[in-house]
Structure formats: C-alpha cells, structure tokens
Colleague: 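Dumping the structure here so I can ask a few things about it.
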There are 2 protein chains.
Amino acid sequence: MKVAYKIWLDHNGKAFGDGPHEILKGVEKTGSLHQVAVQMGMSYSKAWKLIREIEQRLGFPLLDRRVGGQSGGGSQVTLQAKELMVCYGRFQREAKGAIERIYRKQFASFAQSQERKKT
Amino acid sequence: MKVAYKIWLDHNGKAFGDGPHEILKGVEKTGSLHQVAVQMGMSYSKAWKLIREIEQRLGFPLLDRRVGGQSGGGSQVTLQAKELMVCYGRFQREAKGAIERIYRKQFASFAQSQERKKT
C-alpha cells in the first residue's frame, strides 16, 4: 500500500498545478510554447487555451508572446509567472515530503499488524 | 487563491479514500450499509460493489454482513477495517493541516507581492 495524491491551486476553479508548471518550465528552457506542446504530446492550440484560461483565473499574464522578429517569435515566461513557479515548486516538494512522512507515521502500526496477520 | 487536493491510498489501483471512509463511518454508526447508501444518495448495489472492490484490493474484509435474524440483518465493520479507519482518519487530519501550513508558508511572499501589484 502507498499514498497517492493530487494537489493544485484553486482560484474560481482549478487555477494552477503540475501540468501548467511543467509547461512553464519548458517555455523557460526553450523559449517556445510550440516546442513544449509538441514534447508533451499536446496541440499548440490546446496549450495556448490552457495558458489563457489560467491567466484569466489568476488575473495576470504567464507568457509574453513575441511575434516574428529575427528569432521567428516565441514565448517568454513573465516575472509574475516566475514568482509563482518558484513558490509552487517549493510548495510541491515540501508537501510531497510531508504527505509521505505523515503516511509512514500514521500507517506504521497498521502495516505491522497486516504483516502479522499474513504470517 | 487557495490550495486544493485529493489524497487516497493506492494498492494495485485506488484502494481507499474519503468516500469509502465516510461509508464505513456510517455503517459503524447505523449498522446498515443500506441506510448509509440511501443517505449518501448511492444505490445499495453500487455501495456493495465499491466495498467488495476495496476488499479485493486490500486483501481483507471491511464488512461482516449479518443476514436475517431478529434485527433483520445489517452490516458490521470488521476489526481490520476499524484499524484502517483509525489510521486513515489520523493521516487525513494531519495531512490536511500540513498541506495548508506549507501552502501558507510558501505562498506568503507571493500573496504579498500580488497585493502590492493591485494597489
């Protein structure tokens, strides 16, 4: 037996979670939402729709879209999105550690009792 | 913004979570799965199917079904299920507290920065 969970941020609905976090990390690295969408097996239009929905829920832009130019356009993660990503990353890591620690603590006696019943 | 989450126990698939916990608490109180199913707006057959599936995943019985008799039958929570409920209840409460505490801690600076941008 093990513990499983999903955690997300809610703001008038599901506002931010692991999926969007991964997308933003990819854009930060590659400078291209298109490339990240391809890597994640997602259509570019679906990825944009998701980002737009989250921006509306959160009330601030996540991506600056640069159209054309020498680099042929691309996307850049906004400063506010970077702040969100830092907080979310720390939160995610600490919550994961806490949930697993609490699970082990609270189920230690149950696991032992199960083992005794098997033997 | 607030934090939202779902936590469950996994054992070859989703094995136990808040829904089954509520059902068992109801049976413990009323001695009747039928009554609990009605209260939860669930069909009796669906409730039994759920309990059976969980029993198969966990490998031990959750309910003793008493057929007929002076009381007209009913269900009783097994000792192993009671142990599971105690551990799960403690785990659930402690995990909830930890997730909310970690959320407040990690997002305190972000919330302040958001407030400053509004004003």
Side-chain angles (χ1 to χ4, degrees), chain A residues 1-18 20-21 54-62 78-118, chain B residues 1-18 20-21 54-62 78-118:
Chain A
M1 204 157 73
K2 62 185 179 188
V3 62
Y5 60 92
K6 283 190 182 181
I7 298 191
W8 63 95
L9 303 181
D10 180 289
H11 192 72
N12 310 316
K14 198 167 180 171
F16 196 76
D18 288 0
H21 190 214
I54 295 172
E55 288 178 337
Q56 277 166 14
R57 290 234 169 85
L58 293 175
F60 61 83
L62 296 175
T78 64
L79 194 64
Q80 266 181 302
K82 283 184 186 182
E83 287 177 17
L84 175 64
M85 289 166 72
V86 169
C87 295
Y88 186 81
R90 286 179 187 153
F91 165 67
Q92 190 191 39
R93 276 191 299 279
E94 193 173 342
K96 180 183 166 68
I99 289 167
E100 285 170 1
R101 183 182 50 74
I102 295 165
Y103 171 72
R104 283 193 301 272
K105 181 180 121 185
Q106 297 297 2
F107 279 90
S109 64
F110 185 76
Q112 280 167 9
S113 139
Q114 291 295 102
E115 279 308 308
R116 273 198 304 274
K117 273 158 196 156
K118 275 185 201 159
Chain B
M1 203 156 71
K2 63 184 178 189
V3 62
Y5 60 92
K6 283 192 180 178
I7 297 191
W8 63 95
L9 304 180
D10 180 289
H11 192 71
N12 310 316
K14 198 168 180 171
F16 197 77
D18 287 359
H21 191 214
I54 296 171
E55 287 178 336
Q56 278 167 14
R57 290 234 169 85
L58 294 175
F60 60 84
L62 296 175
T78 64
L79 194 62
Q80 266 181 301
K82 283 184 186 181
E83 287 176 17
L84 175 65
M85 289 166 73
V86 169
C87 294
Y88 187 81
R90 285 179 188 154
F91 165 68
Q92 189 192 40
R93 276 192 298 278
E94 194 174 341
K96 181 182 165 68
I99 289 167
E100 285 172 0
R101 182 182 50 74
I102 295 165
Y103 170 73
R104 283 194 301 272
K105 181 180 123 184
Q106 297 296 3
F107 279 90
S109 65
F110 185 76
Q112 279 168 10
S113 141
Q114 291 294 103
E115 278 308 307
R116 274 199 304 275
K117 272 158 195 155
K118 276 186 201 158

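Lettering of chains follows the sequences in order, A, B, ..., and the numbering in each one begins at 1. The shown structure was predicted, so the numbers you read here are calculated from the model rather than taken from an experiment.
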Colleague: How far apart are the closest heavy atoms of A:Leu84 and B:Phe107, and which atoms are they?
Modeller: CD1-CE2, 3.8 Å
Colleague: Go through A:Lys14, A:His11, A:Met1 and name the one with the most non-hydrogen pairs under 4.5 angstrom from chain B.
Modeller: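 Option with the greatest count: A:Met1.
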Colleague: Taking only residues two or more places apart in sequence or in another chain, which ones pass side-chain hydrogen bond (donor to acceptor under 3.5 Å, both in side chains) with B:Gln80?
Modeller: A:Gln114
Colleague: What part of A:Phe60 gets closer than 4.5 Å to chain B, counting heavy atoms only: side chain, backbone, both or neither?
Modeller: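 Just the side chain, heavy atoms under 4.5 Å.
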Colleague: Do A:Phe110 and B:Val86 have side-chain heavy atoms sitting under 4.5 Å apart?
Modeller: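 Counting from C-beta outward, A:Phe110 and B:Val86 never come under 4.5 Å.
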Colleague: For A:Ala15, is it the side chain, the backbone, both, or neither that has a heavy atom closer than 4.5 Å to a heavy atom of chain B?
Modeller: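 Neither part; nothing is under 4.5 Å.
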Colleague: Heavy-atom distance under 4.5 Å between the side chains of B:Phe91 and A:Val3, does that happen here?
Modeller: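 Of all side-chain heavy-atom pairs linking A:Val3 with B:Phe91, at least one is under 4.5 Å.
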Colleague: If I compare all heavy atoms of B:Tyr5 with all of A:Trp8, which pair ends up nearest, and what's the gap?
Modeller: CA-CZ3, 3.9 Å
Colleague: Which donor-acceptor pairs under 3.5 Å do side chains of residues 92-102 of chain B form with protein atoms, sequence neighbours excluded?
Modeller:
{"from": "B:Gln92", "atom 1": "NE2", "to": "B:Asp18", "atom 2": "OD1", "distance (Å)": "2.7"}
{"from": "B:Glu94", "atom 1": "OE1", "to": "A:Lys105", "atom 2": "NZ", "distance (Å)": "3.0"}
{"from": "B:Glu94", "atom 1": "OE1", "to": "A:Gln106", "atom 2": "NE2", "distance (Å)": "2.7"}
{"from": "B:Glu94", "atom 1": "OE2", "to": "A:Lys105", "atom 2": "NZ", "distance (Å)": "2.9"}

